[in-house]
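What you see below is based on every heavy atom in this structure, not just the backbone, and it leaves out hydrogens, waters and symmetry mates. Sequence lines set the chain letters: A, B, ... in the order given, protein chains first and strands last, and positions in each chain run from 1.
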Protein chains: 2
Amino acid sequence: MLSEKTVERLSEYRRHLSDLQARGVTHVFSNLLAAETRVTAAQVRRDMMNLGLSGSTATGYSVSDLLEHLAGLLDHPHSTRVALIGTGNLGRALLAFFRARPGKAVIAMAFDSDPEKSNRVCCGCRVYPMDSLEARIREDEIRTAILCVPEQDANAVAQRLVNAGVTGILNFAPTRLKVGDQVYVDTMDISSVIEKVGYYAVRGTRAPGRK
Amino acid sequence: MLSEKTVERLSEYRRHLSDLQARGVTHVFSNLLAAETRVTAAQVRRDMMNLGLSGSTATGYSVSDLLEHLAGLLDHPHSTRVALIGTGNLGRALLAFFRARPGKAVIAMAFDSDPEKSNRVCCGCRVYPMDSLEARIREDEIRTAILCVPEQDANAVAQRLVNAGVTGILNFAPTRLKVGDQVYVDTMDISSVIEKVGYYAVRGTRAPGRK
DNA sequence: ACTTGTGAAACGTTTCACAGCG
DNA sequence: CGCTGTGAAACGTTTCACAAGT
C-alpha cells in the first residue's frame with residue numbers, strides 16, 4: 001500500500017512523463033524527473049523502488065514503462081468514472097474543469113436536489129435528481145465521488161454515497177465526514193487552506209521542512 | 001514556526017471552538033475537541049503546548065482564550081484581504097464561495113485579462129484588468145493571492161504577484177510555481193487529488209497512517 | 001564519470017505513558 | 001478519579017552515502 005504523499009508524487013510524475021513522451025523522449029534519469037517536480041533524485045528512485053520498477057544505469061528509466069505502470073495503479077476502471085453531487089457554483093466549476101481538461105478521470109454523472117437544476121445537461125454532463133442517486137451509482141458501479149453540497153447536507157449525502165457503494169470521496173464541504181474506516185475521504189477545505197497560506201505569507205517564509 | 005499540519009489543525013479547532021462559543025460553552029477538555037476533529041487528545045494538548053497555551057485540569061481550556069490566540073495567529077491584517085486572479089469558472093466559484101461564507105478572509109479584489117470580464121463587478125467583487133495588478137496589490141499591501149489562471153499563464157502571473165509583494169499563493173493551476181524560497185505556495189491540483197482518491201477508493205482502504 | 005538501488009541515518013510528527021494536580 | 005503537560009518512544013518519510021553497473 002502506497003502512502004498518500006507517494007501517490008501524489010506519482011500523479012505528478014505522470015504529468016511530466018506524458019509531456020516527455022509527447023516530445024519524443026523515451027528515457028529519463030531520476031535527476032531530470034526530480035528537477036521537474038521539485039523533489040530530490042533520491043526520492044524519485046525511492047518511489048520507483050516502492051513501485052517495484054527499475055531503470056538502467058546507462059539510460060535511466062523507460063518513459064513508456066513508467067507510464068504503463070502508473071496507469072495500472074491510477075487508472076482503475078472503478079476510479080476513472082466519478083460522480084459529482086451538488087451543481088452549485090463550485091460543482092459547475094468542477095464540471096467545466098473536467099470537461100476542459102480531459103484527463104483519465106471523467107465526471108460520469110452529476111446530481112442536484114434542486115428540481116430546477118436536475119434533469120438537464122450542465123457543462124456537458126447529465127444532472128439527475130437526488131432521489132435517483134443510489135440506483136444510478138450502483139448501476140454504474142461508481143466508487144468515487146466529489147461532494148459539493150452545503151455543509152449541513154454533507155454528512156447525510158456522504159452516508160447515502162457510502163450505502164450505494166462509494167469508497168472514495170473528495171469532499172469540498174468544511175466538515176469531517178463521519179464514514180466508516182473503509183472509506184477514503186479527502187477534504188479540501190478552502191477556508192482552512194487560505195488561512196494556512198495567509199499564516200506563512202505574513203511570516204515571509206516557507207513552512208518548516210519544505211524544499 | 002508552526003508546521004503546516006499544525007496550522008491546518010488550528011484552523012479546524014477554531015471552527016469548532018466558534019461553534020462551541022456560539023452555543024455558550026466556555027471551556028473544553030482536550031478529549032472533547034479531539035473527538036470533534038478526529039485527532040487524538042494528546043495531539044490537541046501537544047498543539048496547545050506548541051502555541052504556548054495552557055488549560056487547567058479542572059475545567060480544561062478556555063474557549064475564548066483559545067479563540068483569541070488563534071485569531072492572533074491566523075487573522076493578521078495582511079492575510080485576511082486576498083486577491084484573486086482569473087475569473088473563469090473556478091475563480092467565480094471561489095468568489096461566490098467567499099461571499100456566501102464570510103469568514104475572516106475576504107477577497108478584496110479580482111483581476112482578469114479578458115476586457116469583457118474586467119472593469120465590472122462579479123459576485124460582489126470588483127474585477128480589474130490585469131495591467132493594474134501590480135499597482136493595486138501594492139497600494140492595498142496585499143500579501144496573499146489565489147491563482148485561478150490557465151496553466152500556461154500561471155508562472156508568469158505568479159512572478160508578477162511576487163514582484164508586487166505577494167508572499168503567499170494558493171495555486172489552482174496544475175503546475176509547480178517557480179518562485180523564490182521566501183514565497184509560500186500551496187498548489188491544489190484537483191486532477192491529482194481525484195487520482196489519489198480513486199487510488200484508495202478501488203483498494204477499499206484508508207491510506208497508511210490514517211486514523 | 002555518470003547512473004541505479006538501497007541500508008542506514010536524519011528528520012518530522014504522532015502517540016504513549018505517566019508524574020502532578022485539583 | 002479524570003485532567004493537563006511533557007519526556008520519551010514509536011512511527012513515517014526523506015535524505016545521505018556509497019556499492020555496483022555501464
Side-chain angles (χ1 to χ4, degrees), chain A residues 1-13 17 20 25-63 65-66 69 176 181 184 196 199-200 205-211, chain B residues 1-13 17 20 25-63 65-66 69 176 181 184 196 199-200 205-211:
Chain A
M1 178 63 45
L2 303 170
S3 75
E4 291 187 75
K5 292 201 173 171
T6 304
V7 177
E8 281 166 17
R9 281 193 303 270
L10 297 186
S11 177
E12 203 173 344
Y13 295 157
L17 288 166
L20 289 172
V25 179
T26 61
H27 290 80
V28 261
F29 293 119
S30 60
N31 59 34
L32 184 95
L33 199 49
E36 300 244 41
T37 54
R38 287 258 202 128
V39 299
T40 63
Q43 181 75 79
V44 172
R45 296 201 301 277
R46 177 72 60 187
D47 286 336
M48 297 305 156
M49 198 185 114
N50 290 150
L51 254 63
L53 285 168
S54 58
S56 97
T57 59
T59 58
Y61 301 90
S62 155
V63 172
D65 230 44
L66 258 61
H69 278 258
R176 291 263 175 177
D181 272 14
Y184 176 85
K196 183 174 69 169
Y199 176 85
Y200 293 108
T205 54
R206 299 220 166 200
R210 278 220 174 188
K211 279 158 298 302
Chain B
M1 177 63 47
L2 302 170
S3 76
E4 290 187 75
K5 293 201 173 173
T6 304
V7 177
E8 281 165 17
R9 281 194 303 270
L10 296 187
S11 178
E12 203 173 343
Y13 295 157
L17 288 167
L20 289 173
V25 179
T26 61
H27 290 80
V28 262
F29 293 119
S30 62
N31 60 32
L32 184 97
L33 199 49
E36 301 243 41
T37 55
R38 285 258 202 130
V39 299
T40 63
Q43 181 74 79
V44 172
R45 294 201 302 276
R46 178 71 61 186
D47 286 336
M48 297 304 154
M49 200 184 112
N50 290 151
L51 254 63
L53 285 170
S54 60
S56 95
T57 59
T59 58
Y61 301 90
S62 154
V63 172
D65 228 44
L66 257 63
H69 278 257
R176 291 261 177 178
D181 272 13
Y184 177 85
K196 183 175 67 168
Y199 176 86
Y200 292 108
T205 55
R206 299 221 166 198
R210 276 219 176 190
K211 279 153 301 301

> Side chains of A/Glu36 and A/Val28: does their closest heavy-atom pair fall under 4.5 Å?
Replying inline: no
> Considering only side-chain heavy atoms of A/Lys5, which listed nucleotide, D/dG21, D/dT13, D/dT15, is closest?
Replying inline: D/dT13
> Would you say a side-chain N or O of A/Thr40 is under 4.0 Å from OP1 or OP2 of D/dT14?
Replying inline: no
> Out of D/dT15, C/dT3, D/dG5, which has the shortest distance to the side chain of A/Ala42?
Replying inline: D/dT15
>> Can you work out whether B/Ala41 or A/Glu4 has the more 5'-proximal nearest nucleotide on DNA chain D?
In response: B/Ala41
> Would you say the base of C/dT14 and the side-chain of B/Arg46 have a donor-acceptor pair closer than 3.5 Å?
Replying inline: no
> Where the side chain of B/Arg9 is concerned, which of C/dT4, C/dT14, C/dC18 is the nearest nucleotide?
Replying inline: C/dT14
> Side chains of A/Val39 and A/Glu12: does their closest heavy-atom pair fall under 4.5 Å?
Replying inline: no
>> At 4.0 Å (heavy atoms only), tell me whether A/Ser3 reaches a base, stays on the sugar-phosphate, or touches nothing.
In response: sugar-phosphate
>> Could you check whether any side-chain heavy atom of B/Val25 comes within less than 4.5 Å of a side-chain heavy atom of B/Leu32, counting everything from C-beta outward?
In response: no
>> Expressed as a whole number of angstroms, how long is the span from A/Phe29:CZ to C/dA1:P?
In response: 17 Å
> Can you tell which of C/dT6, C/dG22, D/dT15 lies closest to the side chain of B/Ala58?
Replying inline: C/dG22
>> Base, sugar-phosphate or nothing for B/Ser56? Non-hydrogen atoms, less than 4.0 Å.
In response: sugar-phosphate
>> Measure CZ/A/Arg45 against P/C/dG7 and give the value in whole Å, please.
In response: 13 Å
> Rounded to the nearest Å, what distance is computed from the CE atom of residue B/Met48 to the P atom of nucleotide D/dT6?
Replying inline: 14 Å
>> Measuring only between side-chain heavy atoms, which start at C-beta, is B/Gln43 closer than 4.5 Å to B/Thr37?
In response: no
> Expressed in angstrom and rounded to an integer, what is the separation of B/Asn50 atom CG from D/dG7 atom P?
Replying inline: 12 Å
>> If you assign B/Gly55 and B/Pro208 each to the DNA chain D nucleotide with the nearest heavy atom, which residue ends up on the more 5' nucleotide?
In response: B/Gly55
> Reckon A/Thr6 touches a base, only the sugar-phosphate, or nothing at all at heavy-atom distances under 4.0 Å?
Replying inline: nothing
> Quick one: is D/dG2 close enough that its OP1 or OP2 comes under 4.0 Å of any side-chain N or O from B/Thr57?
Replying inline: no
> In terms of side-chain heavy atoms of B/Ser54, which of C/dT6, D/dT15, D/dG5 is nearest?
Replying inline: D/dG5
> To the nearest angstrom, how far is B/Asp47 atom CG from C/dT15 atom P?
Replying inline: 11 Å
> A/Gln43 CD to C/dT4 P: how many Å, rounded?
Replying inline: 14 Å
> Would you say D/dG2 has OP1 or OP2 under 4.0 Å from some side-chain N or O of B/Asn31?
Replying inline: no
> Separation of A/Leu51 atom CG from C/dT4 atom C1', in whole Å?
Replying inline: 15 Å
> Starting at CE of B/Met49 and ending at P of D/dT6, how long is that distance when rounded to a whole Å?
Replying inline: 5 Å
> With side chains defined as the heavy atoms from C-beta onward, is the minimum distance between A/Leu53 and A/Asp47 less than 4.5 Å?
Replying inline: no
> Got B/Glu4 and A/Tyr199 here, is their nearest side-chain heavy-atom distance under 4.5 Å?
Replying inline: no
